[in-house]
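Counting begins at 1 with the first residue of the sequence.
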Amino acid sequence: MDQDRNDTFRIVGGHPALELVNTVSPRVAGGAADEQDYIPVPDELLAWSRRTELLDESEVAAVAAAWGSAPVTAEQALHATVEIREAVYTVLARRDESAEVAAALELLSLRWSAAAARSVLVPGGAVAELVVGTSPALMIPDRLVAAAVDLVRTVDLRQLRACPIDEGGCGWLFLDRSKNGSRRWCAMADCGTRAKVRKLGERRRRSLPA
């Protein structure tokens, strides 16, 4: 992701795993002809990880160094990240017991098992803290699968929303933590405003004489 795109990328999901799901726009089941992927290459994945604060500056430097010395690991990390992204979306979008959801959960389980093997307990917190992502080359997918497992285990489905595609939204997922549960758009200043402008234009066209 170049710097301009990195600066303007919207952070609206309310959870790291949802921010990952939202790296595709529009976000619809089965994909879209005009789909844009915000993390198509490792460099843009690394920039996104910094922008979303998945990694701090020192970790970004460590990942960049690891990928630079072994470029194949960068592609492996990107591939793992995309698999995690699509698995999370499948689970959250379908919310059923289909074979597709079972396969997505199995993938997350396998990815999490591998990440756990690269995690360590260190002193901190009440007694100890779990540090996920001790291998720089795979730090990003390891952190993301940990976030994904946390989300699918704990998400309050009453708060989970999708920016309404049929009303001009982008389909991005987000947690509605508003007091009255009335949030409809990923961002009112973006999708919400475009929808209002479109509806205003439609009303004006209908009011014109035939």
- request: Answer yes or no: is there a donor N or O on one side and an acceptor on the other, between the side chain of Glu129 and the main chain of Gly125, under 3.5 Å?
  value: yes
- prompt: Which residues satisfy the side-chain contact (heavy atoms from CB on, under 4.5 Å) test with Thr90, sequence neighbours excluded?
  reply: Arg94, Glu100, Val101, Ala104
statement: CG of Leu157 to CG of Leu92, rounded to nearest 0.5 Å, is 8.0 Å
- request: For residues Gly181 and Arg161, report the shortest heavy-atom separation together with the two atoms involved.
  value: O-NH2, 3.3 Å
query: Are Val88 and Ile11 linked, directly or through other ILVMFWY residues, by side chains that come within less than 4.5 angstrom of each other?
result: yes
- request: Identify whether Leu54 and Leu130 are in the same connected component of the hydrophobic contact network (ILVMFWY, side-chain heavy atoms under 4.5 Å).
  value: yes
- request: Might you work through the side-chain contact (heavy atoms from CB on, under 4.5 Å) test for Tyr89 and Leu173, ending with a clear yes or no?
  value: CA-CA 9 Å; Tyr89 182 65; Leu173 304 184; 4.1 Å; yes
statement: Tightest non-hydrogen contact, residues Asp176 and Ser178, listed as OD1-OG, 2.6 Å
message: Rounded to the nearest 0.5 Å, what separates atom CG in Asp142 from atom CH2 in Trp112?
response: 8.5 Å
field: Ile39 CD1 to Leu78 CG distance, which is reported to the nearest 0.5 Å
entry: 6.5 Å
message: Working to the nearest 0.5 angstrom, can you tell me the gap between Trp172 CH2 and Glu19 CD?
response: 8.0 Å
Below 3.5 Å, can you tabulate the donor-acceptor pairs from side chains in residues 56-64 to any protein atom, sequence neighbours excluded?
unit_1: Asp56; atom_1: OD1; unit_2: Ser58; atom_2: N; d: 3.2
unit_1: Asp56; atom_1: OD1; unit_2: Ser58; atom_2: OG; d: 2.8
unit_1: Asp56; atom_1: OD1; unit_2: Glu59; atom_2: N; d: 2.8
unit_1: Glu59; atom_1: OE1; unit_2: Asp56; atom_2: N; d: 2.9
unit_1: Glu59; atom_1: OE1; unit_2: Arg143; atom_2: NH1; d: 3.2
unit_1: Glu59; atom_1: OE2; unit_2: Arg143; atom_2: NH1; d: 3.4
unit_1: Glu59; atom_1: OE2; unit_2: Arg143; atom_2: NH2; d: 2.8

task: Find out if a path of hydrophobic residues (ILVMFWY) with successive side-chain heavy-atom gaps under 4.5 Å connects Val82 to Val28.
output: no
message: Under a 3.5 Å cutoff, is there a donor and acceptor pairing between the side chains of His79 and Glu83?
response: yes
- prompt: Rounded to the nearest 0.5 Å, how far apart are OG1 of Thr23 and OH of Tyr38?
  reply: 9.5 Å
task: Would you sort out whether Arg183 and Cys163 count as a side-chain contact (heavy atoms from CB on, under 4.5 Å), showing the intermediate values?
output: CA-CA 9 Å; Arg183 180 179 168 189; Cys163 189; over 6 Å; no
- prompt: Which value, rounded to the nearest 0.5 Å, describes the distance between Leu175 atom CG and Asp156 atom CG?
  reply: 8.5 Å
message: Quick check on the hydrophobic clustering: are Val149 and Met139 connected, directly or via other members, by side-chain heavy-atom contacts under 4.5 Å?
response: yes
query: So does Asp37 pair up with Arg85, basic N to acidic O under 4.0 Å?
result: yes
- prompt: Are Leu20 and Thr52 close enough, and set up right, to give a side-chain contact (heavy atoms from CB on, under 4.5 Å), and what steps lead you there?
  reply: CA-CA 9 Å; Leu20 176 62; Thr52 57; over 6 Å; no
- prompt: Transitively linked via ILVMFWY side-chain contacts under 4.5 Å: Leu138 with Ile140?
  reply: no
message: Check this for me, if you would: do Glu86 and Arg27 make a salt bridge, where the nitrogen-to-carboxylate-oxygen distance has to be below 4.0 angstrom?
response: yes
field: Trace of the side-chain contact (heavy atoms from CB on, under 4.5 Å) decision for Asp150 with Val155
entry: CA-CA 8 Å; Asp150 171 73; Val155 64; over 6 Å; no
